[in-house]
Amino acid sequence: MLRRLVHCALCWTLSMAGVAGLYILAGAEFLGLAQLIVYVGAVAILIVFAILLTQRRELLSIERLTAGSWVTGVAVAGLVAGCLWIGLAYTRGLGGAGGASGGPALETRELGELLMGRYVVAFEVAGLVLTVALIGAVILALPFEQPREASGRRADRPAAGEGWDARRQGGQGA
Amino acid sequence: MMSWIREWLWLIPLAPLAAAGLLALTPRAGRRRAAWLGIGSLSVATVLSWAAFFGAWPGAGGAGREVNFTWLTFGRTPLELGWVLDPLTGAMLAMVSTVALLIFVYSLGDMRADPNFTRFFCFLSFFAGSMLGLVMANSLLWLFMCWELVGLASYLLIGFWFEKPAAAAAAKKAFLVTRIGDLGLLLGLIYLYTETGTLLCYDEGRGCLEAAALAGLVERVSVGGITVATAISLLIFCGAIGKSGQVPLHVWLPDAMEGPTPVSALIHAATMVAAGVFLVARVYPLMDADVAGEPGLSAALQGVAWVGAVTAVMAAAIAAAQFDLKRILAYSTVSQLGYMMMALGVGGYAVGMFHLIAHAFFKALLFLGAGSAIHGCHHERDIRRMGGLRRWMPVTFAAHAVGMMALAGVPLFFCGFWSKDGILHAAWGWPVSRLPFLLGLAGVGLTAFYMMRQMAMVYGGEYRGGQLKKEIHESPAVMRVPMVILAVAVVLLSVVGTPAWPWLEEFLEGREAAVRAGDLFEHETLWIMGASALVMGAGLVAGWRLYGRRPQRRADAPDPLRMAQPAVFSLLEQRLRFDEVYEATVVRSAAWAAEAWDWLEREVWQGLMQWAGYGALAAGWLSRLSDEYLVNPAFDGGCEGVRGCGRGMSGWHGGRLRIYLRVVAAGMAAMAVWLTWG
Amino acid sequence: MITAHHYLAVAAMLFGIGLAGALTRRNSILVLMSIELMLNAANLNLVAFGRQAGWEQGSQAALWVMCAIAIAAAESGVGLALILAIYRHRRSAHLDESPPLKG
Amino acid sequence: MNMEGILALTGWGGLRWVGPVELFERGPVWLRDWAVGWLPEGAKVWAEGLIPAVAVLAVFGLLFGLATVAERKLLGRIQNRPGPNRVGPYGWLQFAADGVKMLTKEDVVPRSADRVLHFLAPIVMLAPVALSLAVIPYGRDLVAADPRCGLLFFFAVGSAAEVAAFMAGWSSRNKYSLLGAMRAIAQMISYELPLVLSALTVVMMAGSLSLVEIVEAQSGYWWGVIPRWHVMTPWGLAGLLLFMAAAAAASNRAPFDLPEGESEIIGGFMTEYSGFKYAIFFMGEYFGMFAVSGLAVTLFLGGWQAPLAVLEAAPSYGWFFLKLGVMIAWFIWVRGTLPRLRVDHLLNFGWKYLLPLGALNLLVAMVWRGLGGWAFPGAGAVRWLACLAMIGLPAILWGRLLMRSRGWGPRVYRYAS
């Protein structure tokens, strides 16, 4: 078991790269490289940044698990994985010729035509979601600013999260 | 080589129209930008127009002169628009853009002091762009749209000085009178569309001006025993009558002189009035369809010829008794338009167009000269208060004189002579009647007479205007240069239309021209040339004897002609009382109808509306009641129920993320188990 | 020879690991990482089936993987921003200490 | 032996007379085929991959050494001093001496460092960069690997460098290292976007992600003289400028070398590295520079294509390395000329200037393609100028606007007054 969160994150990155490798092995080169760019290039960096920004020094290592959560968690996960495994074991007809690693590869052009043609709505929606997520993430991660005298425009806007804080305290008081 | 211009022809009207759009957004102070935009865009259009002109050269273009495209689709019916580049369009484009460009440059000087300079150029560009669009139209619908845009632009420009009541009234009059003709045109187009199912002129054999459609139109018979083709032609000709100021709808044209001089020049030379003649020329195959083979025999064209001939001589007579410098020219325009119509009517299609182009140049020149004189005399327009200007304004005088000689038809060196001679020749050959020829000949004499009168009173003799004598000045170079260019063009243009080398006619008919010097000396040609020169000379001499030999000394001295023929003169001075007659009949009856409707509105409809209102109020009251006692309680109850449900459901939520996660996982597990064993 | 079975088996394991992580860990970043693992397991399945169908027929699978990757990127971005925001208030990124979502 | 040709081995067993042009052009390929031919059947597959890899690493290793010396000499020339001139002829062997020094230095690892990551970081830095060199076509048929998504591969493996920077910075347990790593990552991420955007323009116009095909798309000449390189189009020109600006930042080169700004944070994420590990970082950085320069050459400057038809006699890889040399010289020149930016200026420049312009450039490329149908005389010039205006005017105006609104401007140096 890895004790350090950063190691976890890096190993996670490695496993994402491994998944990308599996994609490429399956002939989906474009997908694999996209996975690499997104997960290794962006999400992994986000995660390590989040780790660096949120973990106090003593928390950089992971807490020990309580027995209860350990048992329930692993049990449920094992159950689900086991069910999947069993289902997989009883499935026939997946090892055919199409499954050979030498099969036809994914044509990037075809994928692009699908994205820009029949599924253009899905593509646009994905773009919209990304944009909204970008803006949302920026707004969420903006540092809370106390009202300053210097900038009048900022002062009349309630700082992000202020209302939430107040409500929380009110809830505790009640 | 030049076939690209056919695809890009739309740029020609677009350039001025775009400039107009930009100018509409330009602030008042942007005078320099306005001038640059207006003149620059029109220069682009001019260059392209000349390219189009050469592109329309016989044998230059490839197959297919027209470019059509679908504009709108109603159900399964496509509405197609398009443009065409044939010799007619090419020549008109070159003429309109060139003349308009010179007038634009001229207006730089003429309108220099006007505070609304920017607006003026905006409208001017709009005007020129609309006309260029009209000329290239292949679809009669497009033509009609541009036609109306031209009408709108003329309204805006005639009423440019709308603070002057006379200008506002003139604009309104021009707009309304031409609308009367346009109604006929619109009806004609609708009729044409119902009969042929297309408004495209040329569409590879399917257009409404092509043989297949025309044959159908000639066969069917309309109201009153005339063929459909004739009926449509006459309706379309109504539009031309209105736009080109033919009798009886000519009354707006002289009044249109209230606009700035460049506008008058533009309206009279290049754009507005030419549109009517152009329309007739454009639908000439339809007009002519009735009697195949020999041109000028169909019922429609006979009508055109008679209207033209009457207009030609009547307007010339009126012009002889006017005192407003620009108004004389206006009636002269009406008269010349009559000549063009007459030419078209008697079958001289190419000659009529030649006269249109020639007239555009020399009438523009005359207007610019008149404007220059007016400009120099501090906006004095009454020729009785002018006189002797040749001393102060030599260039204007020379240019004006060239224009005058071209208009009067001084032989050999001026295009007006050749074009008018061609018209007379065509009229002589008309088998229906010789009367138009005689009327035309009379018109020639009258034209020479009133032009001589004008020249003598404006440039000859002594200045009669009073105090302002010292301040009379020649116009600036920016006004002089366009005049000189036009004067040179007027002389040069005479080369391409002589019977010896009728280049323009052959061009319009799509043939290569050849020099046939012998035609010049045919008996008939020589005879008519001699006759017209003789009549013209008589007119000039009469004018000189009455006005030139003993110039008047004072502004309020009576007119020599009035002394000779007081009754005729006063009738002519009052423009044959057309306006008064219209006032007594059309306007009066319209006012009466308006009053009748007013009474109906007040007494009948209002009461009905009031009762309808009460009914609506009652319905509203009922509706409110049902809302308050029926809908609202039901809705509130529903909301309360939903809220209660929500409150109950929210009890399920602990608000702990980890617990949620576990619930999700448990659900997932359950689902996996069910899918595996279930 | 590697068949779709192998892919699906790997995906099942990946999913199990992710699920276990998501259930047992209290650190929100770790939970997020685990969820990403599960998501990737699903994507892996899609890719396996796409290959099984032959990519000419299965390119729609790739399309959905692309969309899923895009959504995952958006999700992780917002998620981490949320963690950051919560951390600023609570000085903690632990789920148990996160603010109750109950209004 | 006559002047027309020499006897050459063309692949395994093939012997024929070839001209010098063909010899130089095909030589490397023949050499590889000949070497592979000796091997048993099972090993051939591996050798076909390994031999180019070794060749690329050898060539670029040597280039790395020469580039360090060249950089120091050029910088010296710019700063009016001689630069290294002791070891070897004109100091050109300085890199060997440096290498020996680096290798023999003690490898210091801080006591509280995360030893594993500290050890792995330089490797993770160098390996992807070296991998990205594999997809660049160095000459006609001279490419180590030609995947169908070559460009994507380049950027995908390049993204591992960010992880490496983080590993180096975090594992050193040194606040300067960590700050340097954060800066480096922020900068790499910010500038990867304009980099990818400008490359995307080329992808869009060439219609392929394969770098080999992109180079082939640039073959031929307009009117027989102007090469059809993308840089000869307005969007290509703008794209190259954007690409080079972003590339300088993405490879942490001056004036964007904030991650190792020695005046502020000692050596950035490399502070705690010494000896051989440091050398590897150094090498990774140079390889990165070579890789983006090579990519710029491939995307915009026609790759290995000759600038004139008559010059096609020279071997194609010669042209490639000539252009690469020009690019490297450009990097060095910029480093010697421009002062280092401030962090906020750097990020502003990337997000507010390069990124919008990159997006606009994409649009301009579309317009360029849309206007391809113009056929009237002078259409080419009009199209060129129109597209140039579309990208050039916004670039100037937007730059001015930013300068004015932010008070950015040419630096004013105030001396003691």
Side-chain angles (χ1 to χ4, degrees), chain A residues 2-17 19-21 23-25 27-53 55 57 60-61 104-113 116 127 130-131 134 138 141, chain D residues 112 114-117 120-121 124 127-128 131-132 135 145-171 173 175 177-179 181-190 192-193 195-196 200 203-204 207-210 213 250 351 355:
Chain A
L2 298 169
R3 289 265 69 87
R4 283 184 168 170
L5 206 45
V6 170
H7 288 188
C8 283
L10 290 175
C11 285
W12 179 86
T13 311
L14 198 63
S15 60
M16 286 299 132
V19 171
Y23 288 177
I24 293 173
L25 193 63
E29 195 176 280
F30 185 82
L31 284 186
L33 295 175
Q35 162 100 354
L36 213 58
I37 288 182
V38 170
Y39 280 100
V40 180
V43 178
I45 300 300
L46 268 179
I47 285 177
V48 293
F49 261 57
I51 292 172
L52 288 186
L53 290 175
Q55 306 301 311
R57 181 147 294 236
L60 273 172
S61 58
L106 173 67
E107 287 294 330
T108 314
R109 183 175 294 279
E110 198 178 324
L111 181 58
E113 274 161 10
M116 281 295 169
L130 277 175
T131 312
L134 180 70
V138 168
Chain D
S112 62
D114 189 322
R115 285 184 164 274
V116 181
L117 292 189
L120 282 177
V124 177
L131 264 181
S132 64
V135 290
D146 178 24
R148 278 163 304 151
C149 306
L151 191 70
L152 205 60
F153 178 85
F154 188 96
F155 288 120
V157 296
S159 61
E162 292 151 24
V163 180
F166 170 77
M167 283 163 72
W170 187 78
S171 66
R173 275 301 157 92
K175 61 184 171 191
S177 297
L178 198 55
L179 281 175
M182 299 282 241
R183 277 189 181 189
I185 293 168
Q187 180 176 331
M188 284 181 196
I189 286 189
S190 315
E192 207 157 70
L193 287 170
L195 198 69
V196 172
L200 210 59
V203 171
M204 196 178 78
S208 173
L209 278 167
S210 160
E213 282 174 28
W351 286 102
L355 193 62

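Residue numbers start from 1 in every chain, and the chains themselves are labelled A, B, ... in the order their sequence lines are given, proteins ahead of strands.
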Novice: Flag the pair A:V48 / D:W170 as yes when at least one side-chain heavy-atom distance between them is below 4.5 Å, and no otherwise.
Specialist: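 Result no, sub-4.5 Å side-chain heavy-atom pair not found.
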Novice: Which answer fits D:M188, side chain, backbone, both or neither, if we ask what part of it has an atom under 4.5 Å from a heavy atom of chain A?
Specialist: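 Neither part; nothing is under 4.5 Å.
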Novice: Looking at every heavy atom in both D:V163 and A:I45, which two are closest together, and how far apart are they?
Specialist: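 Heavy atoms of D:V163 and A:I45 come nearest at N-CD1, 4.0 Å.
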Novice: What heavy-atom pair brings A:L36 and D:S159 nearest, and what distance separates the two atoms?
Specialist: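 Closest approach of A:L36 to D:S159, heavy atoms only: O-OG, 4.0 Å.
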Novice: Apply side-chain hydrogen bond (donor to acceptor under 3.5 Å, both in side chains) to A:E110 and list each qualifying residue two or more places apart in sequence or on a separate chain.
Specialist: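 side-chain hydrogen bond (donor to acceptor under 3.5 Å, both in side chains) check on A:E110 returns C:S59.
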Novice: Applying side-chain hydrogen bond (donor to acceptor under 3.5 Å, both in side chains), can you list everything that pairs with D:S210, at least two apart in sequence or on another chain?
Specialist: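 Result, side-chain hydrogen bond (donor to acceptor under 3.5 Å, both in side chains) vs D:S210: D:D146.
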Novice: Let me know if D:I189 has heavy atoms under 4.5 Å from chain A in its side chain, its backbone, both or neither.
Specialist: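 Only the side chain of D:I189 comes within 4.5 Å of chain A.
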Novice: Taking side-chain contact (heavy atoms from CB on, under 4.5 Å) as the criterion, tell me which of A:L33, A:L31, A:I24 meets it with D:C149.
Specialist: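 When A:L33, A:L31, A:I24 are each tested with D:C149, the side-chain contact (heavy atoms from CB on, under 4.5 Å) holds only for A:L33.
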Novice: Is chain A contacted by the side chain of D:F166, its backbone, both, or neither, given a heavy-atom distance below 4.5 Å?
Specialist: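 Contact with chain A is through the side chain of D:F166 alone.
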Novice: Would you indicate whether the side-chain heavy atoms of A:I37 and D:E192 approach each other to under 4.5 Å?
Specialist: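 No, their side chains stay 4.5 Å or more apart.
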Novice: For A:H7 and D:V116, what are the C-alpha separation, side-chain angles and deciding distance, and is it a side-chain contact (heavy atoms from CB on, under 4.5 Å)?
Specialist: CA-CA 10 Å; A:H7 288 188; D:V116 181; 5.6 Å; no
Novice: Can you give me the closest heavy-atom contact between A:E29 and D:R148, atom names plus distance?
Specialist: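 The pair with the smallest heavy-atom distance is OE2-N, 3.1 Å.
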